Amino acid sequence: MPFNQKEFSTPPPHPPVGTPQGSESALPWYSIAPGVWEFLLNGDAEHKAVLQWWEPNAVSAQTEPITHTYTEEVCFLRGGLEDVTLGKAWGIGAYAYRHPGMKHGPYRAAAEGCLQFVKVVSPAK
């Protein structure tokens with residue numbers, strides 16, 4: 001799916017804390033892990049831009065550092081995340097560019113949660 005021209009000034013509010021995974025009331029947000037939600041801005045699974053909401057104090061589903069096969073860009077808009085392995089936290093305005101295979105995480109959200117912009121680009125085939 002190619003990117004489409006889109007504009008909005010206010011995204012839909014993220015699901016309330018404790019919303020069950022798969023809840024129809026969360027749409028257009030969808031759960032990617034317990035306490036972690038995404039709102040697709042544009043694209044598809046291979047090449048996408050999303051808003052990602054971590055509920056307050058949410059933790060990564062995985063307990064070991066992760067890697068993936070795509071490039072990932074992240075910019076923090078509200079709250080923050082702590083990389084549990086590194087013992088380092090990032091907050092509003094922080095930015096990360098991760099090449100495929102880069103180890104990172106697992107994460108724990110700040111007490112106020114975390115809203116971030118995430119862009120995923122799969123390698124050319």
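Computed from a predicted structure; not experimentally measured.
Residues Lys119 and Val50 form no side-chain contact, since every pair of their non-hydrogen atoms from C-beta on lies 4.5 Å or further apart. At a threshold of 4.5 Å between non-hydrogen side-chain atoms, the residues Ser122 and Tyr70 count as touching. Taking 4.5 Å as the limit, some side-chain heavy atom of Pro106 sits within range of a side-chain heavy atom of Thr85.
Counting Ile, Leu, Val, Met, Phe, Trp and Tyr side chains that sit under 4.5 Å apart, directly or through other members, Ile66 stands alone, with no cluster partners. Think of Tyr97 as one node in a network of Ile, Leu, Val, Met, Phe, Trp and Tyr side chains linked at under 4.5 Å; its network also takes in Tyr95.
In terms of the side chain to side chain donor-acceptor pair (under 3.5 Å) criterion, residue partners of Ser31 (sequence neighbours excluded) are, by chain and number, Gln21. The side chain to side chain donor-acceptor pair (under 3.5 Å) search around Lys48 returns Glu38, not counting sequence neighbours. With sequence neighbours excluded, no residue forms a side-chain contact (heavy atoms from CB on, under 4.5 Å) with Pro13. For the ring-ring contact (aromatic ring centres under 6.0 Å, His included) test, no residue two or more places apart in sequence or in another chain qualifies with Phe76. Ala61 pairs by the side-chain contact (heavy atoms from CB on, under 4.5 Å) definition with Ala33, not counting sequence neighbours. Applying the side chain to side chain donor-acceptor pair (under 3.5 Å) test to Thr69 and every residue at least two apart in sequence or in another chain returns nothing.
Rounded to the nearest 0.5 angstrom, Leu27 CG and Phe39 CZ are separated by 11.0 Å. Taking CG of Leu115 as the reference point, atom CG of Leu51 lies at 5.5 Å (rounded to 0.5 Å). In this structure, the separation between CG on Leu77 and CD on Gln52 is 11.0 Å, given to the nearest 0.5 Å.
Put simply, Ile92 and Phe117 are part of two different groups of oily side chains (I, L, V, M, F, W, Y) that touch within less than 4.5 Å, one to the next. Residue Val118 is grouped with residue Tyr30 when hydrophobic side chains (ILVMFWY) are merged at heavy-atom distances under 4.5 angstrom, including chains of intermediate members. In the hydrophobic cluster analysis, where Ile, Leu, Val, Met, Phe, Trp and Tyr join through side-chain heavy atoms closer than 4.5 angstrom, Val36 is grouped apart from Val17.
The salt bridge (Lys or Arg N to Asp or Glu O under 4.0 Å) analysis of residues 67-80, with sequence neighbours excluded, yields the pairs Glu72-Arg98. The salt bridge (Lys or Arg N to Asp or Glu O under 4.0 Å) analysis of residues 50-67, with sequence neighbours excluded, yields no pairs. Sequence neighbours left out, not one pair with a member in residues 26-35 passes salt bridge (Lys or Arg N to Asp or Glu O under 4.0 Å). Screening residues 9-20 for side-chain hydrogen bond (donor to acceptor under 3.5 Å, both in side chains), with sequence neighbours left out, gives His14-Trp53.
Ring centers of His99 and His68: at least 6.0 Å apart, outside the cut-off.
For the residue pair Trp29 and Pro12, the shortest heavy atom distance occurs at NE1-O, 3.2 Å. Across all their heavy atoms, Trp37 and Pro20 have their closest contact at CH2-O, 3.5 Å. Heavy atoms only, all atoms of each residue included: Ala111 and Asn57 are closest at CA-OD1, 3.6 Å.
In terms of modelled atom types and a separation under 3.5 Å, the side chain of Asp83 and the main chain of Gly105 share a donor-acceptor contact. Side-chain atoms of Ser60 come within 3.5 Å of backbone atoms of Tyr107 as a donor-acceptor pair (strictly under, hydrogens ignored). Of the possible donor and acceptor atoms, none in the side chain of Thr67 sits under 3.5 Å from a partner among the backbone N and O of Gly101.
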**Study point:** From CA spacing to verdict: side chain to side chain contact (heavy atoms under 4.5 Å, CB included), Trp54, Gln116
**Key:** CA-CA 9 Å; Trp54 289 62; Gln116 57 187 348; 3.3 Å; yes
